[in-house]
Amino acid sequence: MASQKNEKMEAIVSLAKRRGFIYPGSDVYGGLSGTWDYGPLGVTLKRNIMNLWWKMFVDGRDDMYGVDAAILMNQKVWQASGHVDTFTDPLITCGNCQSRYRVDHLISDKDEYSSEVEQFFGHAKQIIETLELPESPFDYNEEQLQALVGIFGEAHVPAHETSQYLIQYLDNNHQLASKYLGIFPRMYLHLKNVNCAKCGQNAWQDAQTFNMMFTTTIGPSSSSILDKKTYYNLDKGTRKVIEKTVTSENIETTNNLVYLRPETAQGIFTNYKNVLDSFYPDLPFGIGQQGKAFRNEISPRDFIFRSREFEQMEVEYFVDPAKWEEAFELWRNLVWEWTDALGLPRESVHELEVPEADRAHYSKRTIDFEFDFPIGREELLGLAYRTDFDLGNIQREAGKGMEYTIKGTNERFIPHVIEPSFGVERALMAVLSSAYREDEQNGEKRIYLALPEHLAPVKYCVSPLLKNKPELVAKAHEVYTALKNKHGAVMWDDNGNIGKRYRRQDEIGTPYCVVIDFDSLEDGSVTIRDRDTTEQHRVQPDEF
RNA sequence: GCGGGCGUCGUAUAAUGGCUAAUAUGCCUGCCUUCCAAGCAAGCGAUGAGAGUUCGAUUCUCUCCGCCCGCACCA
C-alpha cells in the first residue's frame, strides 16, 4: 500500500519534471533543499489556480478588497503577532534515542536555573578574560585550552567533549549562546539528573533553536546573531566579554534586522486601517491577498507539499463579534465551492475540527480541510476564527485605533476575524494528484492528466494530420493562429505521428486536440478529440 | 536536526580501477505515414560537487550537496 502511494507520487514528480511543470530548484548547481521552480506549464497551471481564487473570492464578491503587501515588514509586526517569541523556542535532543523536548519544559525551576547559569557564566567570563584569547580558536595555546576545559569540567561536562564545545561556542567571534541555548541546558539537566522521559538516559545534546523565520538585514551588516535575545561578545579592543541584550526598543537599530514574512496574514492586518479609511465598507467585509511566504522548515519534504518558500492565498474577513459563527459557516461553504472548482472529488476532501488543545493560542475555532494526497491525508487549507487577536495586538502595540464604528448606531468595537487560508502549492499538488490517471488504449498504457478545462495550461493543441502535405500544414496554421488569438493557451504540434501527439498532450492535460485533415480542405471542418474519452467528432473551428 | 538507504543522458535501467560508459524510451533532422506512441536512416544527450588514494577513479575513502524512508518538527 505504502509503496503504491509512493509510486504514484514518484510518477507525478517525474511527469512534472519531464513535461515542464515543476523542476527542483537550482538543479544545475546540485539543488537547494526545499525549493522548486515552475516551468512553462507549471507556472501557467499555478496562475490559473491563483486567478480562479482571485476571481471567486475577491473580484467576484461585493464584500471583498484585494491588497498586495510587502514581504519585508517592520520588526514590530512579528513581535506583536507573537512570531518572534514562539519561533525561538530552544529544543534539546536526547543523544541516545533522538527524542526532542522543549528546553523550558524540562527545567522546572527557572529561577534556580538562571542563577546557576549566571553563576557559572560569570565565573567563566572572569577566567576567559584573564586568558587573553586570540581571535581564532585554532590559535589557542595549550594553557588556554586547558583552562577552558577546566571551566566546563566544573559543570560536569565529560572532559573528552569539552574542547569540541569550546571550538563550537567561541568560533563565531567568541560569541556565547544565551542561557537556554547551547551547552547550558545540557549541563544543568546533567547536574539535576533530569533524564529523557522516553529512554531514561541522560545523554543530552546541545540545545538549539529552530527559528522558522528567515532573517535578513536592511543595509550592510555582518551580524550573525540575529535571533538571540541575549548574547555575549568578546570586545575586540578591550578583550573583555561584554553582554548585550536585544530588546524590542533597540532590536531594529541593533541589527537592522528584518524577517521574511512567515505568513501573508499580517500584511492584511497592517493594512486594515488603510482600507477602512479609503473605502469604509460595511461589516462584514474581507481583505484578500496572494503572495509568497517563507518558513525555514527543518525538514522540507514531499515534493511541493512542504517547502521553504511558498505561496499563500488568504482572506481576513472582518465581522461583528456577535456574528462570527454566521461568517464562519459562510466561508466553510465557500471552501467547498473552491475544492469543487479545483475538480477535487468531495470524497477526497475532509473536514477536521481541530480540538482546543491543538489550536493556535489565538483561535477559538479551527477547521482543517484535508485532502487524500498520494503521500497520505494531509492539510490542504485551514479555516480559523482568530477573534480580535491580531487587530487587538496592533492597537496595543502600535497605539493606533483599530475600532470599527457602526454607521448609524455609532457602536464601536474591534472587529473579529474569520480566516480562510489556502496554500497554492498544496492546491496544485491536490489538482495534479486527483487529475493523474492511467488507463489502457489499444493495449498500451496511457498516462494523462484529467485537468479541469479552466485550469489546463494548454486548452487546445492544433496539428496537421500529416506533416509532409503542405496544404494540410498551411490550413492547420490558419486554424492555429485563429484559435491562438481567441484563446491564448493553444499549442502547435506537428512532430511524429498523430498518435504520439495525442499521448504527449494527454500527459500535460490538454483537454482538446484539433486536427486538420483532407476533409478540412473541402469544407473547413476539423476533428476535435476529447482527452478523457479519446473520442472525436467534426466541427467548424469557429464553434469553439 | 538524528538514523537508514540512494545519487549514471530529459526519463527508466545496465556496466566497469584502464578501449569511444551500454540499452530502451525521449528529443532532434530527413524520408515515410489519411487519426491514437508504426517503420527506416542520421544526430543530441549522463557518472551530483570537491578533495584524497592510485600510473590511472564513474567505481575505493572522506567532506559537502541533493533525493527517498523513519523519527522529530510544523508557532
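Proteins come first, then strands; the chains are lettered A, B, ... in the order of their sequence lines, and each starts at number 1.
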key: Rounded distance in Å - CG (A/Leu466) to C1' (B/C35)   = 9 Å

ask   = Quick one: A/Asp517 CG to B/C36 C1', roughly how many Å, whole number?
value = 14 Å

message = Quick check: any donor-acceptor pair below 3.5 Å linking the side-chain of A/Tyr502 to the base of B/C35?
response = yes

task = Look through every strand shown and name the nucleotide pairing with B/G39 as Watson-Crick or G-U wobble, where both distances are under 3.5 Å.
result = B/C31

Atom C1', compared across B/C36 and B/C74: separation rounded to whole Å = 46 Å

Pair assignment for B/A51, Watson-Crick or G-U wobble, requiring both distances under 3.5 Å = B/U61

Atom P, compared across B/U8 and B/G1: separation rounded to whole Å = 23 Å

request  = Please report the shortest heavy-atom distance between A/Ala430 and A/Phe373, naming the atom on each side.
outcome  = N-CE2, 3.5 Å

ask   = Rounded to the Å, how far apart are A/Asp368 CG and B/A75 C1'?
value = 14 Å

key: N/O donor-acceptor pair, side chain A/Arg529 with base B/C36, under 3.5 angstrom   = yes

request  = Find the partner of B/C9: check Watson-Crick (N1-N3 plus N6-O4 or O6-N4) and G-U wobble (N1-O2, O6-N3) distances, both under 3.5 Å, and reply none if neither fits.
outcome  = none

query = For the side chain of A/Ile498, counting heavy atoms from C-beta on, which of B/C35, B/U11, B/U33 is nearest?
reply = B/C35

inquiry  = Which nucleotide wins on minimum distance to the side chain of A/Arg503, given the candidates B/C35, B/U33, B/C36?
reply    = B/C36

remark   = One should read off an interatomic distance between A/Arg386 CZ and A/Ile418 CD1, to the nearest 0.5 angstrom, of 11.5 Å

request  = Report the distance from atom CZ of A/Arg501 to atom P of B/G26, rounded to the nearest whole Å.
outcome  = 14 Å

remark   = Per atom distances to the A/Arg18 side chain, the nearest of B/C74, B/U11, B/C35 is B/U11

A/Pro300 or A/Val28, whichever maps to the more 5' nucleotide of RNA chain B = A/Val28

query = Is A/Arg426 positioned over the aromatic face of A/Phe305, cation under 6.0 angstrom from the ring centre and no more than 45 degrees off axis?
reply = yes

key: For B/G70, the Watson-Crick or wobble counterpart (both distances under 3.5 Å)   = B/C2

P gap between B/G52 and B/C27, integer Å = 42 Å

message = Given B/A75, B/C35, B/U34, identify the nucleotide with an atom nearest to the side chain of A/Thr527.
response = B/C35

note = Atom CG of A/Asp27 and atom C1' of B/G7 are separated, to the nearest Å, by 12 Å

request  = Hey, can you tell me if A/Phe544 and A/His487 have their rings parallel, tilted or perpendicular (30° and 60° cut-offs)?
outcome  = parallel

ask   = Which value, in whole Å, describes the distance between the C1' atoms of nucleotides B/C55 and B/G39?
value = 50 Å

request  = To the nearest Å, give me how far apart CD1 (A/Ile12) and P (B/C68) are.
outcome  = 14 Å

message = Could you tell me if A/Glu314 and A/Thr264 have a donor-acceptor pair between their side chains, going purely by distance under 3.5 Å?
response = yes

ask   = Is any N or O donor-acceptor pair between the side chain of A/Arg19 and the base of B/G10 shorter than 3.5 Å?
value = no

remark   = Of the candidates B/C27, B/C69, B/U33, the side chain of A/Arg301 sits closest to B/C69

message = When you measure from the centre of the six-membered ring of A/Tyr448, is the NZ or CZ of A/Arg531 closer than 6.0 Å and no more than 45° off the axis?
response = no

message = If only side-chain N and O atoms count, and only distance matters, is there a donor-acceptor pair under 3.5 Å linking A/His350 with A/Asp372?
response = yes

ask   = NA contact type, A/Arg306, heavy-atom cut-off 4.0 Å: base, sugar-phosphate, or nothing?
value = base

ask   = From B/C35, B/U33, B/A12, pick the nucleotide closest to the side chain of A/Lys469?
value = B/U33

inquiry  = Given B/G26, B/U34, B/G1, identify the nucleotide with an atom nearest to the side chain of A/Phe518.
reply    = B/U34

request  = Side chain of A/Leu32 only, please: which of B/C28, B/G66, B/C69 is the nearest?
outcome  = B/G66

ask   = Start at the 5' end of RNA chain B and walk down; is the nucleotide closest to A/Leu465 or to A/Thr35 reached first?
value = A/Leu465

query = Mind checking the P distance from B/G45 to B/C67? Whole angstroms is fine.
reply = 28 Å

inquiry  = Between C1' on B/U25 and CD on A/Glu507, what's the gap in Å once rounded to a whole number?
reply    = 12 Å

Side-chain N,O (A/Lys17) to OP1/OP2 (B/U11) below 4.0 Å = yes

query = Are OP1 or OP2 of B/C67 and a side-chain N or O of A/Ser33 less than 4.0 angstrom apart?
reply = yes

ask   = Using the C1' atom in both, what is the distance from B/C62 to B/A57, to the nearest Å?
value = 14 Å

Integer-rounded Å distance: B/C32 P and A/Lys500 NZ = 17 Å

ask   = What are the two closest heavy atoms between A/Leu342 and A/Ala427, and how far apart are they?
value = CD1-CB, 4.0 Å

message = If the cut-off is 4.0 Å, is A/Asn468 near the phosphate of B/C32, judged by side-chain N/O to OP1 or OP2?
response = yes

task = Kindly point out which of B/U11, B/G30, B/C35 is positioned nearest to the side chain of A/Gln536?
result = B/C35

message = Measuring only the C1' atom in each nucleotide, how far is B/G30 from B/A24? A whole number of Å is fine.
response = 23 Å

Between B/U23 and B/A14 - P atom distance, rounded Å = 16 Å

